[in-house]
Amino acid sequence: MTSPSTEGFLPRYQAKPIKEAGKQYYVSAEGMRVPSVTTILNATKPPEDWDRLMNWKQQVGASQAAQITQTASRRGTGTHRQIQRYLEGKEVACSETVLPYWESVLPVLSAVEQVRLVEGLVVHDKLRYGGVVDCVASYEGVPCVCEWKTADKPKRSLERLYDYPLQMVAYWGAVNRLYDLDLQNALLVVALPHQPAEVFWFEQAAIAQYWQQWEARVEQYWRRMGYFR
C-alpha cells in the first residue's frame, strides 16, 4: 500500500514548547504565550469527570492505575509516530506493541489523501491557545482535520469519548484561523487491538455544537487565570 500524496503541505507554525508545573504552553517568536488545548481541558474538567477518574484509581489501585496510564501513553505515542511516518511517505517499520493498533487503523488511512499537515503545531491567536493537530487532509475526498486515538475497548458512543471531540474541534478552529481555511468536517479515529478502528465523522452541525462548548471552556480557563474579555 502506498502512502498518500503530501503535495501542497501547509507551512509549519513556529513556537517554543515549554512546561511549567506539568502544564504545557507555547511561546511564539513574537512573544505570545498560550496554554495547550490539554492544559485548558484539564483545568476546566467538570467535577463528575474528576470523580469518575478518582473512583477508577481507587478500584484498580494507585500503582496499577499509574502503570495503565503509562502504558496507554506509550501506546498512543508509538501509534501516532507510526501514522506520521506513513502519512509523510516514510518507510514504515512497526514495533510489536504498536502493531495491533496499526493494523486496526490502516484501512482508515487508506482513505486519507491530499495530506497537508501532520503533527503540526497550531495556535488560535484570538482565543489564545495552542496544540499539535494530528493531521489535515481529505478523508474519502472530503477535506477535514483528523485526530487519532487508541483504546483497549471500543468507545461505541460519543458520550464515551469524553473530551476527545472538544480537543478535536479546538484543533479544527485553530487550523482554520491560522491558515485561513474553511474546513467544515472532522474525523476522529480510535484504533483498537485486533479489531477494526472506530470511525467518528463530524459534520458542520456537530462541530458547531462542540465549538460552542470549547469556547465556554476557554472562557472559563481565562477567567480562572484572572483575565476577562
Side-chain angles (χ1 to χ4, degrees), residues 3-17 24-30 32-41 44 76-77 79-81 83-89 105 108-109 111-149 158 161 163-190 199-219 221-222:
S3 301
S5 170
T6 56
E7 293 182 7
F9 250 45
L10 295 167
R12 289 192 171 270
Y13 182 83
Q14 299 298 321
K16 181 181 179 181
Q24 182 77 54
Y25 301 88
Y26 299 97
V27 180
S28 71
E30 297 77 27
M32 180 176 66
R33 182 180 183 274
V34 297
S36 71
V37 171
T38 51
T39 293
I40 292 174
L41 287 174
T44 59
T77 299
T79 303
H80 270 78
R81 287 175 178 167
I83 294 172
Q84 180 179 4
R85 287 194 294 264
Y86 171 81
L87 293 177
E88 291 178 342
V105 77
V108 179
L109 295 177
V112 174
E113 56 189 5
Q114 296 177 324
V115 177
R116 304 192 67 191
L117 188 66
V118 180
E119 297 293 331
L121 173 62
V122 291
V123 168
H124 197 295
D125 61 344
K126 183 179 180 182
L127 296 185
R128 294 171 61 208
Y129 68 84
V132 177
V133 63
D134 288 349
C135 180
V136 179
S138 290
Y139 175 68
E140 295 185 342
V142 182
C144 63
V145 163
C146 308
E147 185 74 6
W148 322 117
K149 299 295 182 183
L158 291 175
L161 291 174
D163 277 347
Y164 286 169
L166 294 183
Q167 185 182 27
M168 174 199 68
V169 83
Y171 299 144
W172 167 87
V175 166
N176 276 338
R177 182 165 179 86
L178 181 63
Y179 294 109
D180 194 23
L181 300 177
D182 188 26
L183 301 176
Q184 298 185 17
N185 297 276
L187 173 73
L188 197 157
V189 180
V190 182
V199 177
F200 296 90
W201 180 249
F202 297 82
E203 297 188 344
Q204 195 169 7
I207 287 178
Q209 182 180 1
Y210 282 114
W211 178 252
Q212 190 174 29
Q213 294 176 35
W214 169 244
E215 283 188 308
R217 295 281 285 268
V218 175
E219 183 75 19
Y221 173 84
W222 285 115

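Throughout, numbering of the chain's residues begins at 1 and tracks the sequence. What's counted below: heavy atoms across the whole structure, side chains too, no hydrogens, waters or symmetry copies.
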**Message:** Treating Tyr179 as the side-chain partner and Pro11 as the backbone partner, does any N or O pair qualify as donor plus acceptor under 3.5 Å?
**Reply:** yes
**Message:** Strictly distance-based, threshold 3.5 Å: is any side-chain N or O of His80 a donor or acceptor partner for the main-chain N or O of Trp148?
**Reply:** yes
Using every non-hydrogen atom in the two residues, find where [X] and [Y] come nearest and quote the distance to one decimal.
X	Y	result
Val118	Glu88	CB-OE2, 4.1 Å
Met168	Val145	O-CG1, 4.4 Å
Arg12	Gly120	NH1-CA, 3.3 Å
Ala15	Leu121	CB-CD2, 3.4 Å
Leu41	Gln167	CD1-CB, 4.0 Å
Trp211	Ala170	CZ3-CA, 4.3 Å

[X] versus [Y]: any side-chain heavy-atom pair under 4.5 Å?
X	Y	value
Leu158	Tyr164	no
Ser28	Val123	no
Asp163	Arg217	yes
Val105	Tyr86	no
Trp214	Pro165	no
Phe200	Val190	yes

Partners passing side-chain contact (heavy atoms from CB on, under 4.5 Å) against [X] (at least two apart in sequence or in another chain):
X	value
Leu178	Tyr13, Val122
Pro35	Tyr25, Thr39, Ile40, Tyr221, Trp222
Asn185	Val142, Cys144, Trp201, Glu203

**Fill in**
salt bridge (Lys or Arg N to Asp or Glu O under 4.0 Å) pairs touching residues 136-148, sequence neighbours excluded, are Glu147-Lys149
Can you tell me how far the [atom1] atom of [X] sits from the [atom2] atom of [Y], to the nearest 0.5 Å?
X	Y	atom1	atom2	answer
Cys135	Glu119	SG	CD	9.0 Å
Thr79	Asp134	OG1	CG	11.0 Å
Cys146	Ile83	SG	CD1	10.0 Å
Leu166	Thr38	CG	OG1	13.0 Å

**Request:** For the pair Leu10 and Leu181, evaluate side chain to side chain contact (heavy atoms under 4.5 Å, CB included) and give the outcome as yes or no after the intermediate values.
**Result:** CA-CA 11 Å; Leu10 295 167; Leu181 300 177; 4.2 Å; yes
**Request:** Sequence neighbours left out, what passes salt bridge (Lys or Arg N to Asp or Glu O under 4.0 Å) with Arg33? Give chain and number order.
**Result:** Glu20
**Request:** Could you list the residues that satisfy salt bridge (Lys or Arg N to Asp or Glu O under 4.0 Å) with Arg128, not counting sequence neighbours?
**Result:** none
**Request:** Take Val169 and Trp172 through the side chain to side chain contact (heavy atoms under 4.5 Å, CB included) test and state the conclusion after the steps.
**Result:** CA-CA 5 Å; Val169 83; Trp172 167 87; 3.8 Å; yes
